[in-house]
Each structure stands twice: as structure tokens, then as C-alpha cells.
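Only one structure is covered here, and it is reproduced in the block below.
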Amino acid sequence: MTLMPELPEVEVTRQSFAERIEGAQVLSVHVGKPLRWPLQHDVDALSGWRVGVVTRRGKYLWVPLHGPGELAGGLLIHLGMSGSLAFSDRMGALGQHDHFEMLTSRGTLRLTDPRRFGAVVWGDALDAGVPARLLAGLGVEPFDPAFTGEHMHQRLQGRRVSIKQALLAGDIVVGAGNIYACEALFRAGIDPRLAAGRLSRPRCARLAAEVRSVLAQAIALGGSSLKDFKDAHGSQGHFQLSTQVYGREGQPCRTCATPIKRVTQGQRSTFYCPVCQKK
DNA sequence: AAGTGGACCTGCTAGC
DNA sequence: TGCTAGCAGGTCCACT
């Protein structure tokens, strides 16, 4: 099984290696095939640098590095659709789908990503260069107190896209990918096809609460393991066992037994219960 | 400004 | 058994 990299999987991955890698010294860095963007830094120049506290913003991880003197920077990592990170002490040669590897005094951090939609890019700081550009349009963090129903309601004003697509866009709140957007809308009883700008204040409050709770629950369960998602320890998640609608087309709704429907929105599959979720 | 569709790349499964 | 079409966690970019 591979973790499906939405926010919970990225956070579970972060938690699985952040403490172990903090303070480690970089021994060497190796790259495989090109990822989504070029790294934009001489990897050989990073030997001897020290790893700081790994943080997350949306579905990105930031691995800060401290060099000699005033030198500082870091790696912004995204898992794309099929990426996973492993951190362990015993590692063999790079496999066919291993495209980034950082050997450190505490273990080896390795990105495996068959589809190579993922990325590892250099930044002199999180708020400079490429990282700053990539993070610029992101919405609020789901666990930030600023993420309220009022915030969501205000940001949805005038938007004609469906609420499902508005959630996925990530410019209002980050972290809900295809699975969790579907699940949050089911929990909130909202039809995913409803125009975003038409959600009432109470429904926005409900949706904000459900986005937060579904993501929190998924993190607590270790994320979702569809094909082969694992955290950096190699552990699998269990959230997929509790999905109400995602991937359940034709199967009975766990609440009302009506067959779950699948529709296409913005070239992505959406799953919903035609009875429990209302316009 | 907001919305739409194409692009990136590989692997797996269902169906013929 | 073998080939092909369709599908998959994300999100940037060009264009209307």
C-alpha cells in the first residue's frame, strides 16, 4: 500500500521522521530522474550542513538546512500524486522510482515517486525564491483558528464553481484533496455540485468543521493507504477503511443504503450520496 | 477575476 | 493470454 498524499498523509509522514532527522548532519545528496521542477542547487555543496525542524504548509514539507557561517536554506518537498518519503538507516541502491536521496548522520531520507509529479526544490528561505512563489496562493491551514465558517463564506462569495472544486482549489483552505473533499462534503450533507457561492453561512460553518474533523481523524488514523502509501517509518494508514463515499460508486450509503454516485467535476471523480447530500 | 482544459508521467485494472 | 482504454492521491500554466 502507498499513502495517498493529501494533507493527512503529508503530516503523518512529517511526524514520522521530523524528530529523528532534526540535528542530523548531511553526508551526501543524490538525485535520480527529473521531478516536476529542477532542484536549482548544487547538491554536493550541502555536505556538512545540518537539518533543522521539519515543518508542513499545505501538502508541502520544508526541510531547513543550516550551512557554515550564515549560510541557510532548505528543501521544499511535494509528494505529487504518487510520492512517498522513507527515512531509515539501512538503505540499498537507488531503485527505479527513487529520485531524491539525502544521506545523513541519523539516516537516509529518500523520495520514491513513480509518476514524478512530486518535487524537491531549493530555497534560501521558505519565504524566498521558488518556495515563496509556490506557497503564495495557498489558503489558510485547516487547523488555524482563522479557518472558520465565516472565512469560508466570505471567500466563496461570487464563486460559480461547484463547492467540491472550490475545496480542491486550495486557495480557501489547504489540504483537502479528492478523497477528503468528498468525505467532508458527505459529512456536511452538502451536494458536491452545489455552486460554491450559494452556500449559506450555517452550511459554511458546518463544512469548515467537517473539513477540520475529517483531516484530524485521518491524521489520527495514520492517513489513507490506497495502493502503497506508507509514512517514513514504512507504516500504513487506516483511514481508507472508514471512507463513506470515496471509491464506493454503486455501493450502499452507510447511512441510507442508497447507491453512492460518481460524477466528474473538473476532470476528477467525485463520489456522493444522492440522498444524504442536498443542494 | 474566475473558470476551463491541457500538461506533466507511470502503473494498474477491467474489458474485449 | 495479450492489447488497449481508462483511471489514479496534485496543481501549474495558458487561454477565454
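Residue numbers start from 1 in every chain, and the chains themselves are labelled A, B, ... in the order their sequence lines are given, proteins ahead of strands.
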Original post:
Checking all strands, does A:Y60 fall into the base, sugar-phosphate, or nothing category for heavy-atom contacts under 4.0 angstrom?
Top reply: sugar-phosphate

Subject >> Whole-Å distance separating the CG atom of A:L35 from the P atom of C:dT11 >> reply: 15 Å

Original post:
Does the side chain of A:R133 get closer than 4.0 angstrom to OP1 or OP2 of C:dC13 through an N or O atom?
Top reply: yes

Original post:
Can you find a pair of side-chain heavy atoms, one from A:H30 and one from A:D98, that are under 4.5 Å apart?
Top reply: no

Subject >> P spacing across the pair B:dC9 / C:dC3, given as an integer number of angstrom >> reply: 25 Å

Original post:
If each of A:R262 and A:W37 is mapped to the nucleotide of DNA chain C with the nearest heavy atom, which maps nearer the 5' terminus, i.e. the 5' end?
Top reply: A:R262

Original post:
Which one, B:dG5, C:dA8, B:dG3, comes nearest to the side chain of A:R160?
Top reply: B:dG3

Original post:
Which of these nucleotides, C:dA8, B:dC8, B:dT4, is closest to any side-chain atom of A:Q165?
Top reply: B:dT4

Subject >> Partner nucleotide, any strand, of C:dA5 [Watson-Crick/G-U, under 3.5 Å] >> reply: B:dT13

Original post:
Of the nucleotides C:dT11, B:dG11, B:dG5, which one has an atom closest to the side chain of A:H78?
Top reply: C:dT11

**OP:** Starting at atom CD1 of A:I179, determine the distance to atom P of C:dC7, rounded to an integer number of angstrom.
**Re:** 17 Å

**OP:** Examine B:dG11: is either OP1 or OP2 under 4.0 Å from a nitrogen or oxygen in the side chain of A:H97? Give yes or no.
**Re:** yes

**OP:** Consider only side-chain N and O atoms of A:R262 and A:S269, and report whether a donor and an acceptor are under 3.5 Å apart.
**Re:** yes

**OP:** Could you state the atom-to-atom distance from CG of A:L156 to C1' of B:dA1 in whole Å?
**Re:** 15 Å

Subject >> Side chain of A:P114 - closest among B:dG11, C:dG10, B:dG3 >> reply: B:dG11

Original post:
Within this structure, what is the CD1-to-C1' distance between A:I163 and B:dA2, rounded to whole angstrom?
Top reply: 15 Å

Subject >> Polar pair under 3.5 Å, donor/acceptor by atom type, side chain A:R116, base B:dC9 >> reply: no

Original post:
Nearest to the side chain of A:S269, which nucleotide is it out of B:dG3, C:dC7, C:dC12?
Top reply: C:dC7

**OP:** Could you tell me the separation between the CE atom of A:M81 and the C1' atom of C:dC12, rounded to a whole number of Å?
**Re:** 13 Å

**OP:** Would you kindly check whether a donor in the side chain of A:R36 faces an acceptor in the base of C:dT11, or vice versa, at under 3.5 angstrom?
**Re:** yes

Original post:
Nearest-Å distance, CG (A:D113) to P (C:dA8)?
Top reply: 18 Å

**OP:** Please evaluate the base of C:dA8 for a donor-acceptor partner in the side chain of A:R268 within a cut-off of under 3.5 Å?
**Re:** no

Original post:
Phosphate oxygens OP1/OP2 of C:dA8: is one of them under 4.0 Å from a side-chain N or O of A:Q267?
Top reply: no

Original post:
Any chance CD of A:E19 has more than 12 other-residue heavy atoms, nucleotides or ligands included, within less than 6.0 Å?
Top reply: no

Original post:
Are any of the side-chain nitrogens in A:E141 or A:R57 under 4.0 Å away from the carboxylate oxygens of its partner?
Top reply: yes

Original post:
For A:D98 and B:dT10, what is the distance between atoms CG and C1' respectively, to the nearest whole Å?
Top reply: 14 Å

Subject >> Side chain of A:K59 - closest among C:dA8, C:dG10, B:dG5 >> reply: C:dG10

Original post:
For the side chain of A:F117, counting heavy atoms from C-beta on, which of C:dA8, B:dT4, C:dG10 is nearest?
Top reply: C:dG10

Original post:
So, A:K33 and A:D113, do they make that salt bridge, N to O below 4.0 Å?
Top reply: no

**OP:** State whether A:R115 places a side-chain N or O below 4.0 Å from either non-bridging phosphate oxygen (OP1 or OP2) of C:dA8.
**Re:** no

Original post:
Over how many whole Å does the gap from A:L76 atom CG to C:dC12 atom C1' extend?
Top reply: 14 Å

Original post:
If you pin A:G266 and A:Q157 to their nearest nucleotides in DNA chain B, which one's is more 5'?
Top reply: A:Q157

Original post:
Heavy atoms under 4.0 Å, any strand shown: does A:Q96 hit a base, just sugar-phosphate, or nothing?
Top reply: sugar-phosphate

**OP:** Establish, from distance only, whether the side-chain atoms of A:Q154 and A:E150 form a donor-acceptor pair under 3.5 Å.
**Re:** no

**OP:** Establish, from distance only, whether the side-chain atoms of A:Y180 and A:Q217 form a donor-acceptor pair under 3.5 Å.
**Re:** no

